[in-house]
Amino acid sequence: MTIKKEQNGTAVTLFVEGRLDTVTSPDLEKEIHSLEGAEKLTLNFEKLEYISSSGLRILLSAHKEFSKKSGLSLTNVKDAVLDVFDVTGFKDILNLE
């Protein structure tokens with residue numbers, strides 16, 4: 001998995017590519033926790049191919065953290081990942097754009 005970051009003031013977009021699973025989810029968690037001063041987080045999943053329960057846990061944690069601020073949004077979610085969100089109920093929790 002690779003993560004690229006774009007920052008515009010207090011708004012941060014992370015472009016996540018590859019697989020978000022048990023091995024790679026600590027990398028995303030570390031990146032999210034390092035975003036000092038960020039008020040809004042957007043995760044661009046255009047190139048995310050797969051997400052496991054470990055990845056879902058990171059998203060839930062980020063959702064809780066950024067719901068106290070300006071929020072968390074997910075963009076360009078592929079159908080395979082969207083299916084996981086649908087089955088797990090995350091589709092109703094997360095802000096999908």
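Remember, it's a predicted structure, so these values are computed and weren't measured experimentally.
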Peer 1: Between Asn44 and Thr13, is any side-chain donor less than 3.5 angstrom from a side-chain acceptor?
Peer 2: no
Peer 1: Any donor-acceptor pair under 3.5 Å linking the side chain of Gln7 with the backbone of Gly9?
Peer 2: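 Yes; judged by distance alone, with no hydrogens or angles, the pair exists.
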Peer 1: For Thr24 and Asp21, which I'm curious about, is there any donor-acceptor pair between the side chains at under 3.5 Å?
Peer 2: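 Checked: Thr24/Asp21 side chains pair up, N/O donor to acceptor below 3.5 Å.
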Peer 1: To the nearest 0.5 Å, how far apart are NZ in Lys78 and CD in Glu46?
Peer 2: 7.5 Å
Peer 1: Let's go through Arg19 and Met1 carefully: what are the C-alpha distance in whole Å and the side-chain angles of both, what is the deciding distance for side-chain contact (heavy atoms from CB on, under 4.5 Å) to 0.1 Å, and is it a yes or a no?
Peer 2: CA-CA 6 Å; Arg19 297 173 55 90; Met1 179 184 73; 5.8 Å; no
Peer 1: Taking atom OG of Ser34 and atom CD of Glu29, what is their separation to the nearest 0.5 Å?
Peer 2: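 Rounded to the nearest 0.5 Å, the OG-CD separation comes out at 11.5 Å.
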Peer 1: Begin with the C-alpha distance, continue with both residues' side-chain angles, and end with the deciding distance and a verdict on side-chain contact (heavy atoms from CB on, under 4.5 Å) for Phe66 and Ile32.
Peer 2: CA-CA 10 Å; Phe66 280 89; Ile32 290 170; 4.1 Å; yes
Peer 1: Under 4.5 Å between any side-chain heavy atoms of Phe85 and Asp92, yes or no?
Peer 2: no
Peer 1: Would you say Leu96 ends up clustered with Leu60 if hydrophobic residues are merged whenever their side chains have heavy atoms under 4.5 Å apart, either directly or through other cluster members?
Peer 2: yes
Peer 1: If you count heavy atoms of other groups shown closer than 6.0 angstrom to NZ of Lys47, is the number above 12?
Peer 2: no
Peer 1: Linking I/L/V/M/F/W/Y whenever any side-chain heavy atoms sit under 4.5 Å apart, do Leu20 and Leu56 land together?
Peer 2: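 Cluster IDs for Leu20 and Leu56 match.
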Peer 1: Measuring only between side-chain heavy atoms, which start at C-beta, is His63 closer than 4.5 Å to Asn95?
Peer 2: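 His63 vs Asn95: side chains apart.
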Peer 1: Please report the C-alpha distance between Leu72 and Glu65 in whole Å, then the side-chain angles of each, then the deciding distance to 0.1 Å, and finally whether the side-chain contact (heavy atoms from CB on, under 4.5 Å) criterion is met.
Peer 2: CA-CA 9 Å; Leu72 168 71; Glu65 180 180 343; over 6 Å; no
Peer 1: Can you confirm whether the side chains of Lys40 and Ser73 place a donor and an acceptor under 3.5 Å from each other?
Peer 2: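 Yes, because at least one side-chain N or O of Lys40 sits under 3.5 Å from a partner of the opposite role on Ser73.
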Peer 1: Could you give the distance from OG1 (Thr2) to CD (Glu17), rounded to the nearest 0.5 Å?
Peer 2: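 So the gap between those two atoms works out to 4.0 Å.
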Peer 1: What closest approach, in Å, do Ser54 and Ser25 show between heavy atoms, and which atom pair accounts for it?
Peer 2: CB-OG, 3.5 Å
Peer 1: Are Val77 and Val84 joined in one hydrophobic group, where the rule is that I, L, V, M, F, W and Y side chains link up if heavy atoms are under 4.5 Å apart?
Peer 2: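 In one cluster: yes.
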Peer 1: Where is the tightest heavy-atom contact between Leu48 and Gly18, given as atom of each residue plus distance?
Peer 2: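 Distance-wise, the nearest heavy atoms are CD1-O, 3.4 Å.
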Peer 1: Quick one: pull up CZ in Phe15 and OG1 in Thr42 and give me the separation to the nearest 0.5 Å.
Peer 2: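 One finds 8.5 Å between CZ of Phe15 and OG1 of Thr42.
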Peer 1: So how far is it from Phe90 CZ to Leu74 CG, rounded to the nearest 0.5 Å?
Peer 2: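 If I round to the nearest 0.5 Å, the distance is 10.5 Å.
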Peer 1: Please determine which of Val16, Leu14, Leu82 meets the side chain to side chain contact (heavy atoms under 4.5 Å, CB included) test together with Phe45.
Peer 2: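 It is Val16, the one option of Val16, Leu14, Leu82 that forms the side chain to side chain contact (heavy atoms under 4.5 Å, CB included) with Phe45.
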Peer 1: Nearest 0.5 Å please: distance from the CG atom of Leu59 over to the CG atom of Leu43.
Peer 2: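 Going from CG on Leu59 over to CG on Leu43, the span is 6.5 Å.
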